[in-house]
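Worksheet: one structure, shown below.
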Number of protein chains: 2
Amino acid sequence: MDTQAPEGISLAVSTVIFALRPHPVTGLSTLWLPLVRRTRDPFAGKWALPGGWVTPDESLSDAAARNLLETTALEPTYLEQLYAFGDVDRSPDARVVSVVYWALVRAEEAERAAEGDNVGWFPADELPELAFDHNAIVDYALWRLRTKMEYSRIALAFLGETFTLSELREVHEAVLQKPLDPANFRRQVEGTLVPTDHVVTGGRHRPPRLYRYDESIELVHNGPLAHA
Amino acid sequence: MDTQAPEGISLAVSTVIFALRPHPVTGLSTLWLPLVRRTRDPFAGKWALPGGWVTPDESLSDAAARNLLETTALEPTYLEQLYAFGDVDRSPDARVVSVVYWALVRAEEAERAAEGDNVGWFPADELPELAFDHNAIVDYALWRLRTKMEYSRIALAFLGETFTLSELREVHEAVLQKPLDPANFRRQVEGTLVPTDHVVTGGRHRPPRLYRYDESIELVHNGPLAHA
DNA sequence: GAAATAGTGTCTTTGAGACAATATATG
DNA sequence: CATATATTGTCTCAAAGACACTATTTC
């Protein structure tokens, strides 16, 4: 390995941010993500993933978190590296390697997100044609989220401090796009949660118990990579 | 996202290469990996993962494959991106982001690998202190390999065109470091393999059948990322 | 035939999933 | 009490694992 690194490659970070919102047609809870409208070429006018350059004094995950805050004003509850995309021709007239992260934000957090001319929210499965290779990147992020939902406790990142089992189940149903049996779902997750002394009254039915997540069990198992 | 990317960050690729060889003490098949001795500072004299800079005209995976061939003369049967490491202080006096790949090579291929003053093979679980954050990187690669071995057919990348079920089982045992029941193992993999008409004679026991891997089933499920 | 591994059969346990039944709130 | 969801109970099925048993080669 030579001492001199060749010039000519720019390093960027982008983030695929997921939040749950009601679908405009069906009303069911579904995955949405915020996109940023590009103001310059290439792909001026097109929607793209929020992102930016990495500065020399910040780590990759710091750069992702900073960009995310600057462009969408969002602070995610979960942030994980997705993949480094580095095909030669993925950006016209430039060589850009993008380290892409994916993030989950709570519904409340997503509410107060900046939405203006330059930021828009879209259902994750009904995206327009995006700039660069960003459609493919979102597809991969969706696959990772759905895969991980089946074997980890990542769903909790969409919820607040306490929640009912119905709320947790609805998160799973929204992400996996299929109904889950309430009885069986309960048994699968019950051991990983801590029941509180509170229930939610007000519905015209038996009030559900509130649960808290067990901090002694980590959300995801990323092996020796404890951080992000 | 600004038009100008800040300078000052170098982009490198490194690869964690795994091969199976007999353990020098126990004689059992175990994981080994080739390391390169550094000839310059920082960490001159230390062992490090093979790697180098990414040039503007090659993709990340191309860069990984090229570097691997140049430094160790190896051509892997499997190559997958592991993670992008980008902490600010991971390289002294420089800012280097490394996109790390991991690779599997067959025993025969590993045989003819360059081994000299600058390349050495080590048992994966008994490494010396490496340059940079490479010990942590190897730990993560080992975790990924072992995790993936349990739910994919990645073990086949260690073997040739045809193989016996014992050979396949030995690969699993070597990587997972635990004995597996031959009868149960057979049932788990049988459906994903194609039996040939040949058996291996010569041992002082019933000759085992040779199998071929079923090309219609992909080695690993990486979702929308078909390539590497 | 003895030894050694290949390969088959079977039993137990575990977890997922389908679905019935009971519990407890509101209106 | 009707309704709606919460919660519990039970049955079936499939996969994993332990382990006994049979098969076929070489020496």
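Throughout, protein chains are lettered first and strands after them, A, B, ... in sequence-line order, and every chain is numbered starting at 1.
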Report task. Measure from CZ on B:R186 to C1' on D:dA16 and round the result to the nearest Å. Result -> 17 Å
Query raised in the report: Do any N or O atoms from the side chain of A:T196 and from the backbone of A:L210 form a donor-acceptor pair under 3.5 angstrom?
Result: yes
Report summary line: Here the distance between atom P of C:dA18 and atom CZ of A:R187, to the nearest Å, is 12 Å
**Report entry** N/O donor-acceptor pair under 3.5 Å between A:E109 side chain and A:E75 backbone
**Finding:** yes
Query raised in the report: So which nucleotide from D:dA4, C:dC19, D:dT7 ends up closest to the side chain of A:D181?
Result: C:dC19
Report task. Using only side-chain N and O atoms of B:R204, determine if any of them is under 4.0 Å from OP1 or OP2 of D:dC27. Result -> no
Report summary line: Rounded to whole Å, CZ of A:F185 lies from C1' of D:dG9 at a distance of 20 Å
Report task. Verify, without hydrogens or angle tests, whether A:R90 (side chain) and A:V96 (backbone) share a donor-acceptor contact under 3.5 angstrom. Result -> yes
Requested in this report: Would you kindly give the CD-to-P distance between B:E170 and C:dT5, to the nearest whole Å?
Outcome: 10 Å
**Report entry** Ring centres under 6.0 angstrom apart (B:Y83, B:F85)
**Finding:** yes
Query raised in the report: With respect to the phosphate group of C:dA6, does any side-chain polar atom (N or O) of B:S166 fall under 4.0 Å of OP1 or OP2?
Result: yes
**Report entry** Residue closer to the 5' end of DNA chain C, A:N184 versus A:P207 (nearest nucleotide)
**Finding:** A:N184
Query raised in the report: Atom CZ of B:R206 and atom P of C:dA2: how far apart are they, to the nearest Å?
Result: 20 Å
Report summary line: Rounded to whole Å, the CD-P distance (A:E190 to D:dT8) equals 6 Å
Query raised in the report: What is the distance, rounded to the nearest whole Å, between atom CG of A:L165 and atom C1' of D:dT5?
Result: 12 Å
Query raised in the report: Within this structure, what is the CZ-to-C1' distance between B:R169 and C:dG7, rounded to whole angstrom?
Result: 11 Å
